[in-house]
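Only a predicted model underlies this, so the values are computations on that prediction, with no experimental measurement involved.
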Amino acid sequence: MESVFLRQFLMISDMRTVLFLAVLIVLFGFIYYLYKKRHMSFSVVVMIGTGLGLLLGLSIQAMIGFSPEPMKITFVKEVTNWYALFGNGFMDLIKMLVVPLVLITMVHVVINMKGGQTMSKLIKAGVGVTMGMVAIAAVVGTAMGMLFQVGAGIAVESGAAKAKEIVSVASTLRSLIPGNLVDSMVHNNVIGMVIFAAILGAAIWWVNYEDAETAEPLYKLINSLYKAIINMALLILDLMPYAVIPLLANTIAQHGLVGLLDVGKFIIVLYAAMILQFIIQLIMLALYGINPWPHLKKSYPALLLAFTSRSSLGCLPMTLETLTKRLGVSQGTASFVAGFGCTAGMQGCAGVFPSMLIVYVANVTGQPIDFTLIVMTIIVVTIGSLGIAGIPGVATMAASVGLSGVGMGAQFVKVSPILAIDPFIDMGRTLLNVAGAITNALIVDKYMGSLNAHTYQDMQAGLQTKKTDTNNKQ
């Protein structure tokens, strides 16, 4: 088995390579059985896949005696090359979705905004508060990442990163304006695509305002495309239980336990940042004259559902019920702000996480974190959050959008160790997303003057309705 064909082309020249490829196939079959035959939940199967990937990676390391230089061993190099086909191939599919997802989602958000003076005020307040809180989340993620130097000390390829030429703020902002849409797509100018999509959405909305009959086909097309792109994302994300196995196995096989410990540091710092952002949410409520305690007491079930389901969008019905029946928020504010906050501007998945991830990648590649990168991170993460939908595993989309937006799209592969253990951090991110949507709705409704203070303060509000409904069913 020493031929060039086996060693360089097929990259299967060692029986141990065959063994671990066979093990991966068996594990894929096991995941398929649990997910498709036993119908176990997505979250549970991804957790199991993560555990299997951990054990598989450790097995490879044990086979070579936990060598400090595993990639110099032929069979490890061959196995990780094949594993990358499945793990990194999944990540390439995720990257493929960035352009259509951003464009279609942004247009969809804009055209489905309603008209009217009150609605105009609600839209301005809702979007303003939502984007403002995402910007704060981006600042928190960036600051915590820099403070604890996430990613620093991980092996860096020689010459992998170079210092950027200093560019003026005006020139930087000017470069974000899309002079050519195709060029923006090719170079992953996310903000440029968002600007184009927002203007196109506004133009379609204007057509509808003047002539609803003419706009009807456009609305149907955009709404259908939105459903299609979300379904496409779900189809790809459905592969995550399988992909996490080779992703995590490769991380451990290539870097050993040191790589896992580095990811462990990222998890700890990320959760600390999310706790800080949650505290900031409570402070913002207090600044607007809203006692945070009723919010904490009454929102707990919705937040628990968010933590366990890992789907901001899936929690929307319970979020709306909590806002309207238990917290006294008007139906209009709850529907718009919570709906908007669960499909765009998510503080966990599209705020704290991608901003800290950018710092992580910058440290891993040795790129200086200067003022320009910090400002660009906050801008890109904030605006890019508009094109992120609240579905399980969506943080992988946010990661790709954020890194592409600051010019690090080519380094997306560096986040493999983190995405491989995504379920462990997605629970906290989703909780922060839903908590942010509830907080935003409370602040906006207070600003609109429609928050029912009596219902908000009444700790039993909403409970009587549930009891009555239960008795009626009996």
**Student:** Is there a donor-acceptor contact under 3.5 Å from the side chain of Asn433 to the main chain of Cys349?
**Tutor:**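 A pair under 3.5 Å: yes.
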**Student:** Taking atom types as modelled, is there a side-chain donor on Gln281 or Gln347 under 3.5 Å from an acceptor on the other?
**Tutor:**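 A donor-acceptor contact under 3.5 Å links the two side chains.
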**Student:** Any pair with a residue in residues 229-241 that passes side-chain hydrogen bond (donor to acceptor under 3.5 Å, both in side chains), sequence neighbours left out, goes on the list, sorted by first then second residue, please.
**Tutor:**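 side-chain hydrogen bond (donor to acceptor under 3.5 Å, both in side chains) check on residues 229-241 returns Tyr35-Asp238, Lys36-Asp238.
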**Student:** Is there a donor-acceptor contact under 3.5 Å linking the side chains of Ser330 and Thr333?
**Tutor:**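 Side chains of Ser330 and Thr333: pair found under 3.5 Å.
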**Student:** Say whether, by atom type as modelled, one donor and one acceptor occur between the side chain of Tyr456 and the main chain of Asn291 under 3.5 angstrom.
**Tutor:**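 Between the backbone of Asn291 and the side chain of Tyr456 there is a qualifying donor-acceptor contact (under 3.5 Å).
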**Student:** Is the distance from the ring center of Phe28 to that of Phe86 below 6.0 Å?
**Tutor:**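 Phe28 vs Phe86: aromatic centres under 6.0 Å.
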**Student:** Measuring only between side-chain heavy atoms, which start at C-beta, is Met284 closer than 4.5 Å to Leu287?
**Tutor:**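 Yes, close enough: below the 4.5 Å cut-off.
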**Student:** Using modelled atom types and a 3.5 Å cut-off, is there a donor and acceptor pairing between side-chain atoms of Ser299 and backbone atoms of Leu296?
**Tutor:**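 Pair absent, no side-chain N/O of Ser299 close to backbone of Leu296.
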**Student:** Which word best sums up how the rings of His295 and Phe278 line up, parallel for under 30°, tilted for 30 to 60°, or perpendicular for over 60°?
**Tutor:**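 Rings of His295 and Phe278: tilted, as their planes differ by 30° to 60°.
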**Student:** Is it the case that the side chain of Tyr360 and the backbone of Val415 share a donor-acceptor pair, with hydrogens and angles ignored and the cut-off at 3.5 Å?
**Tutor:**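 No, Tyr360 side chain to Val415 backbone: no donor-acceptor pair under 3.5 Å.
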**Student:** Keeping the roles fixed (side chain from Lys298, backbone from Leu327), state whether a donor-acceptor pair exists under 3.5 Å.
**Tutor:**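 Side chain of Lys298 to backbone of Leu327, a donor-acceptor pair under 3.5 Å: no, none is there.
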**Student:** Do side-chain atoms of Asn208 reach the backbone of Ala215 as a donor and acceptor pair under 3.5 angstrom?
**Tutor:**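 No, the answer is negative, given that no donor and acceptor are paired below the 3.5 Å cut-off.
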**Student:** Give a yes or no answer on whether the side chain of Lys265 reaches the backbone of Phe148 with a donor-acceptor pair at less than 3.5 Å.
**Tutor:**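 The answer is yes, because a donor-acceptor pair under 3.5 Å joins these two groups.
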**Student:** Using modelled atom types only, decide if a donor and an acceptor are shared between the side chain of Asp445 and the backbone of Ala441 within a distance under 3.5 Å.
**Tutor:**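 A pair under 3.5 Å: no.
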**Student:** Taking Lys121 for the side chain and Met448 for the main chain, is one N or O donor matched with an acceptor at less than 3.5 Å?
**Tutor:**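 Such a contact is absent between Lys121 side chain and Met448 backbone.
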**Student:** Please determine whether the number of non-hydrogen atoms from other residues, nucleotides or ligands lying under 6.0 Å from atom CD of Gln457 exceeds 12.
**Tutor:**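 Yes.
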